Amino acid sequence: MRADLRIVNAAQRVEGPLLFLKRSVDVGLNEALHVIGPDGIKRLGRVATLDEESLIVEVLENTAGLGVADTVVSMLGEPVCFNVGPNMLGRVFDSVGQPLDGDTPIPAMRRMRIDGMTINPARRALPRDFIETGVTAIDLMNSLVRGQKLPLFSGGGLPHDRLATAIAQRARLRDSDSGEFAVVFVGIGVSHDVAEGFRAAMESSGALGHTTMFLNRADESSSQRLLTPRYALTAAEYLAFVEGRHVLVIMTDMTNYCEALREVSASHGEIPGRKGFPGYMYSDLASLFERAGCLHGYDGTLTQLPILTLPGDDIGHPIPDLTGYITEGQIVLDRDLDRRAVYPPINVLPSLSRLMDYGTGEGFTDADHPALASQLFAAYANARRVRVLASVMGQEGLSDNDRDYLAFGDAFEERLISQAMARTLEESMAAGWQILGLLAESELTRLSNEQIIRYVRPEKARA
Amino acid sequence: MTEATVSWLSGPVLRAHTTGRFHVSDAILVGDNRLLGEVIRVETGGIVAQVYEDTTGLRPGDHVTSSSEPLSIRLRPGLLGNIFDGLLRPLAAMPGDTVQPGMRETVPVSLRYRPVAKQGDHMHPGQLIGEFGSGVVAGKHLVPPGVGGEIVSIAGEGDYEDDQVLCVLRADNGIETQLDGGHDWPIRRPRPVARRMRPREPLVTGQRIMDTLFPVARGGRAALPGGFGTGKTILQESLAKWCDADVIVYVGCGERGNEMAEVLNEFPTLEDPRSGKPLLDRTVIIANTSNMPVAAREASIYTGITVAEYFRDQGLHVALMADSTTRWAEALREISGRLGELPGEQGFPAYLSSRLAEFYERAAHVETLQGDEGSVTIIGAVSPPAGDFSEPVTSQTKRYVRCFWALDRDRAQARFFPAIHPLNSYSEDVAALARWWQARGNPDWMDHRRQILTLLEQRARLERMARIVGKDALPPRQQLTLLSADLVNEALLRQSAFSSVDRYCSPERQTALMQVILRFVDRAAQALEHDVDLERIAAMPVLRRLQRASEEVPEEKVAQFRLLMARLDEEFDQLERRESHAR
């Protein structure tokens with residue numbers, strides 16, 4: 001790190017988030033700097049454009065109060081970095097990695113670039129360790145594995161925070177040796193009560209000591225909002241790949257992040273893309289989500305659980321659409337289920353876990369798990385189809401077989417998806433076999449004869 | 001070597017003062033880290049260029065060098081079984097856990113070499129000079145395109161590094177060319193061939209819905225569009241695993257890093273059903289994941305197709321999987337926007353269509369310069385926003401491909417894979433491939449195929465009708481159509497990529513399965529004519545056996561289908577006998 005290089009009297013113009021300077025020192029592209037106004041506040045910035053005479057600085061914080069004559073710029077001589085070190089767990093930080101809890105700053109063991117470095121795909125290990133969350137719709141139907149990035153697609157008023165908190169409290173590996181775990185909670189543009197609710201829940205389950213929080217409040221500037229997940233993921237990378245922990249990063253709410261991206265892009269005068277979001281939003285989101293994963297030769301892993309509230313409950317909106325193309329599946333919360341008091345209101349059909357096939361089955365969970373999940377999916381999809389038929393002409397026009405499906409569909413939502421308490425995978429599977437007993441055997445085309453005899457017939461007999 | 005000095009920098013775009021000569025599309029190296037870039041515009045005394053890598057830390061005054069050649073990659077033996085980035089830099093050999101920017105010297109590959117031509121021979125472009133080693137570094141040493149002449153000297157049999165001179169040619173004008181084990185080729189220029197041939201044989205994919213209903217010819221072009229979660233990647237991976245190409249070039253363009261890990265993790269453990277060797281040994285992976293620089297993403301597609309053509313020129317059949325061409329088009333859009341070009345539809349540059357055409361036209365079944373037969377088949381995934389097939393990339397791609405495998409969200413949500421929608425997909429290669437199926441033991445392939453598609457079409461129509469009048473109100477004949485179509489869907493078209501029995505289905509097993517299913521359809525219709533109750537037919541024990549046949553009759557027991565057929569006939573005979581007795 002080079003010494004603090006101060007430039008005085010170089011500012012020529014302030015325009016939105018951009019500060020135009022005369023170039024009097026040797027700086028490189030993307031290097032970080034502090035812009036200090038007459039108010040004495042240090043604002044983080046980075047070099048966006050430079051030529052032989054001048055340079056343009058993108059100020060990453062609020063530019064209110066900045067002038068031309070009395071602005072001092074101090075160059076840091078390197079890209080934006082975050083000082084990370086031991087004892088980060090149990091702490092609360094603000095958008096730009098400063099302690100919010102009034103405690104002393106953390107000892108800087110390492111300086112890591114907040115943008116992270118692109119993981120070499122050849123060094124990635126395939127995520128295959130099944131995480132048991134206690135939620136049947138996830139464990140049985142859309143299994144989560146360590147190193148995965150699996151977002152919750154939700155909507156305003158749906159219980160995504162409750163679900164995320166429950167997963168953070170409960171997630172564990174099935175074998176006893178689950179290693180050191182940690183939770184990084186990233187509140188992006190969240191209100192105080194959401195952050196406090198999460199903190200209280202972690203405290204009550206005794207897991208606060210394993211939790212690091214990064215909070216960007218709703219009233220902070222948009223450019224800061226873009227920094228928050230970067231600081232948090234840098235901390236998560238440190239916890240995972242330096243300290244060797246299994247880190248679960250919960251990011252809420254990514255919709256606020258994308259809105260901020262749109263605002264900052266507009267203030268830069270960039271050409272807008274779909275619904276005004278910048279064309280590079282896919283790449284930008286990927287630079288966050290791709291920081292999840294497992295690496296060869298490292299014990300720690302980084303799992304991401306971002307939360308998105310779908311604008312207008314529209315899954316085709318650019319934010320969920322681009323997210324879905326980057327993440328390894330999605331868990332979709334459903335307003336209809338929520339109205340019918342099904343908790344967790346997860347609609348399994350549009351939900352998906354891409355890595356499920358790698359982390360389930362023989363040697364991972366249970367040899368019959370994939371076939372059971374596949375059969376439940378097929379049957380539930382058919383049940384939904386029959387429901388549409390029945391809604392048009394009533395149950396009278398249905399065949400017996402179709403009526404079985406209607407009963408199955410209700411049981412699926414009320415007895416399998418809905419749960420008052422966490423279930424182990426075994427309990428979830430048992431519930432699954434049980435409701436399959438409602439269907440004729442000839443319908444169970446995705447199960448082998450042995451599976452039917454062993455699991456479904458006893459349930460039928462009991463019924 | 002010409003030089004320039006950086007004068008202006010913004011993101012990946014730079015301007016530089018020049019002293020020597022620069023040309024549009026020349027490759028450049030920037031700064032101490034030798035970051036790779038490409039000249040976009042040339043002015044008097046200056047250039048505008050884009051850099052393919054992270055430009056953090058660059059500053060005015062940094063020097064730019066260029067060898068006045070367009071962006072090229074070095075084609076050489078030893079590519080198979082390896083993973084590269086979008087500019088063909090080996091990723092496995094890179095130190096550290098993260099991708100490091102900058103061009104480094106490539107590590108030479110040791111090779112066994114055996115000369116075939118001899119001193120004094122007159123060589124034409126594409127002619128065979130010698131042969132390289134064995135296994136993954138096996139290959140032909142051919143005269144590169146555009147070079148020729150008399151052999152002045154040639155290396156004897158022995159071990160060499162790939163950058164050692166193996167042969168010296170003297171052209172008629174006296175200019176000598178030194179040839180080592182590899183050569184550079186500009187990625188945006190198609191490699192020459194003797195002539196293009198018409199499609200004759202299919203690329204057998206081992207996936208029933210593709211081979212049987214919508215086959216792609218060797219040298220053909222196919223698109224695989226689908227919204228997120230419809231199974232594009234799994235299907236691309238299945239094709240890469242089981243299709244009967246000699247070489248697979250797998251381009252991960254702007255997609256997930258874990259997908260590359262999947263390929264690297266799985267392919268060494270799977271066996272090529274034809275050669276018995278690990279699948280990785282026939283695969284080249286080009287990985288430009290979504291968090292790698294966007295400009296290199298644009299180049300990665302061309303890198304992939306150039307590598308594919310290199311193997312094609314050795315007389316091999318190559319399949320190129322590009323996942324996903326939408327990310328490539330978005331990279332074009334991003335760069336175009338930064339250069340201030342006028343945007344076309346949805347912000348994509350106006351030349352999107354011609355770029356797509358150029359890319360897909362590089363797929364072909366050809367006679368190589370050496371006189372061998374080779375092919376490149378392109379299978380491009382498309383990721384339309386919100387699954388809307390009317391968006392520019394999908395609709396433009398549709399103009400240039402011959403096979404369209406439309407993925408369907410409803411099928412995917414019911415976990416019905418491959419989720420290719422049989423009514424929205426098509427193949428223009430069908431007529432050309434009928435003869436091949438005849439030779440492989442299914443003379444009625446065209447008929448069977450049409451029968452199946454008709455059945456599925458009728459099902460869609462009846463389903464709509466049933467929604468209004470109720471299923472029970474349909475006459476038995478139509479209810480039987482629904483039953484038959486469901487059987488075709490479940491037993492023939494559904495195929496699990498994760499089942500060790502069914503992930504690959506040979507043409508013979510496809511034919512046997514199709515025959516027995518269509519026999520059921522025929523016999524059931526006959527039985528209905530003989531007044532057999534539909535419920536009786538639906539309750540036949542053989543029906544369940546048929547539904548699970550693809551899962552329970554493995555490749556090596558295809559003969560069991562004959563037993564199944566006999567069983568089916570027997571059950572129907574019984575049904576009909578009982579019915580006539582009852583009367």
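None of the values given here were measured: they were computed from a predicted structure. Numbers restart at 1 for each chain; the letters A, B, ... are given by sequence-line order, proteins then strands.
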### Query
What part of Val6(B) gets closer than 4.5 Å to chain A, counting heavy atoms only: side chain, backbone, both or neither?
backbone
### Task
Counting only heavy atoms closer than 4.5 Å, note whether Val469(B) contacts chain A via side chain, backbone, both or neither.
backbone
### Message
Just so I understand: if I count every heavy-atom pair under 4.5 Å between each of Gly227(B), Gly387(B), Ala473(B), Ala287(B) and chain A, which residue has the most?
### Response
Gly227(B)
#### Entry: Interchain contact, Asp97(B) with chain A, by part (heavy-atom threshold 4.5 Å)
both
#### Entry: Residues in residues 341-348 of chain B that sit under 4.5 Å from chain A, counting heavy atoms only
none
### Query
Under a 4.5 Å heavy-atom cutoff, which of Asn265(B), Asn258(B), Leu58(B) has the most pairs with chain A?
Asn258(B)
### Summary
Taking a cut-off of under 4.5 angstrom between non-hydrogen atoms, the residues of residues 371-378 of chain A near chain B are Phe377(A), Ala378(A)
### Query
Between His317(A) and Phe277(A), does the ring centre distance come in under 6.0 Å?
yes
### Message
Between Pro384(B) and chain A, with a heavy-atom cut-off of 4.5 Å, which part of the residue counts as in contact: side chain, backbone, both or neither?
### Response
both
### Query
Non-hydrogen atoms of chain A under 4.5 Å away: do they reach the side chain of Phe498(B), the backbone, both or neither?
side chain
### Task
Pick one of side chain, backbone, both or neither for Arg333(B), based on which atoms fall under 4.5 Å of a heavy atom in chain A.
side chain
### Arg23(A) with Asp51(A): basic N within carboxylate O range, under 4.0 Å
no
### Query
What part of Leu91(B) gets closer than 4.5 Å to chain A, counting heavy atoms only: side chain, backbone, both or neither?
both
### Query
Taking NZ, NE, NH1 and NH2 as the nitrogens, is one of them in Arg230(A) or Asp284(A) under 4.0 Å from a carboxylate oxygen of the other?
yes
#### Entry: Max heavy-atom pair count under 4.5 Å with chain B, selected residue of Ala125(A), Ser448(A), Pro370(A)
Ser448(A)
### Query
Is Lys149(A) salt-bridged to Glu328(A), cutoff N-O under 4.0 Å?
yes
#### Entry: Salt bridge Glu490(B)-Arg446(A), side-chain N to carboxylate O under 4.0 Å
yes
### Message
Check this for me, if you would: do Arg124(A) and Glu290(A) make a salt bridge, where the nitrogen-to-carboxylate-oxygen distance has to be below 4.0 angstrom?
### Response
yes
## Note on the structure
If one checks every heavy atom of Arg15(B) against chain A at 4.5 Å, the contacting part turns out to be neither
### Message
Check this for me, if you would: do Arg59(B) and Asp26(A) make a salt bridge, where the nitrogen-to-carboxylate-oxygen distance has to be below 4.0 angstrom?
### Response
yes
### Task
Identify whether the distance between the nearest side-chain nitrogen and carboxylate oxygen of Asp115(A) and Arg46(A) falls below 4.0 Å.
no
#### Entry: Asp388(B) portion near chain A, given a 4.5 angstrom heavy-atom threshold
neither
### Message
If I measure from the heavy atoms of chain A, does Leu543(B) come under 4.5 Å with its side chain, its backbone, both, or neither?
### Response
neither
### Query
When only pairs under 4.5 Å are counted, which of Ala292(A), Gly316(A), Pro121(A) shares the most heavy-atom pairs with chain B?
Pro121(A)
### Query
Under a 4.0 Å N-O cut-off, is there an ion pair linking Asp321(A) with Arg274(A)?
yes
### Message
Please classify the contact of Thr289(B) with chain A as side chain, backbone, both or neither, using a heavy-atom distance under 4.5 Å.
### Response
side chain
#### Entry: Heavy-atom proximity to chain A below 4.5 Å, by part of Arg256(B)
both
### Query
Checking heavy atoms, do the side chain of Ile83(B), its backbone, both or neither come under 4.5 Å from chain A?
side chain
### Task
Between chain A and each of Met260(B), Arg544(B), Glu551(B), Gln547(B), count heavy-atom pairs under 4.5 Å; write down the option with the most.
Arg544(B)
